[in-house]
Amino acid sequence: MSKKANPVPKDHSQLCLQYLSRCGGSARLCSINFSLGVIQTLVNQRRVKITNTGAGFFVELDEAK
C-alpha cells in the first residue's frame, strides 16, 4: 500500500517569505537557514532585496509591489 505524502513545493520560497515577515521584514543573510538558490529565486522574482549596511548583508522584503 502506498502512502500519500502532503504536497511540498520543490523550493521553500514561501517559507522563506514567512520567516522574513515574522522577523520584521529583514534578517541577516548569514543567519538565514534557507539555501542561496531559494534566496536567488526570490531576488529574481523581485520579492526580496539584498542590502549591504556596512555591518553585513541583509535580506529584506521588497515592499514595492
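Worth saying up front: this structure is predicted, and the values here are computed from it rather than measured.
Taking SG from Cys23 and CD from Glu60, the interatomic distance works out to 12.5 Å, rounded to the nearest 0.5 Å. Taking CG of Leu20 as the start and CG of Leu15 as the end, the distance is 11.0 Å to the nearest 0.5 Å. Atom-to-atom distance recorded for Leu42:CG and Leu17:CG is 5.0 Å, nearest 0.5 angstrom. To the nearest 0.5 Å, atom NE2 of residue His12 and atom CZ of residue Phe34 are 8.0 Å apart. Taken from CZ in Arg47 to CG in Asp62, the straight-line distance is 10.5 Å, to the nearest 0.5 Å.
Between Phe58 and Ile50, every side-chain heavy-atom pair lies at or beyond the 4.5 Å cut-off. Residues Val59 and Ser26 fail the side-chain proximity criterion, which asks for heavy atoms closer than 4.5 Å.
Crowding of Asn33 atom CG: a count of heavy atoms from other residues, nucleotides or ligands under 6.0 Å not exceeding 12.
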query = Going through the checks in order, is the side chain to side chain contact (heavy atoms under 4.5 Å, CB included) test met by Phe57 and Thr51?
reply = CA-CA 6 Å; Phe57 289 93; Thr51 57; over 6 Å; no
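In terms of heavy atoms, Cys16 sits closest to Val38 at CB-CG1, 4.1 Å.
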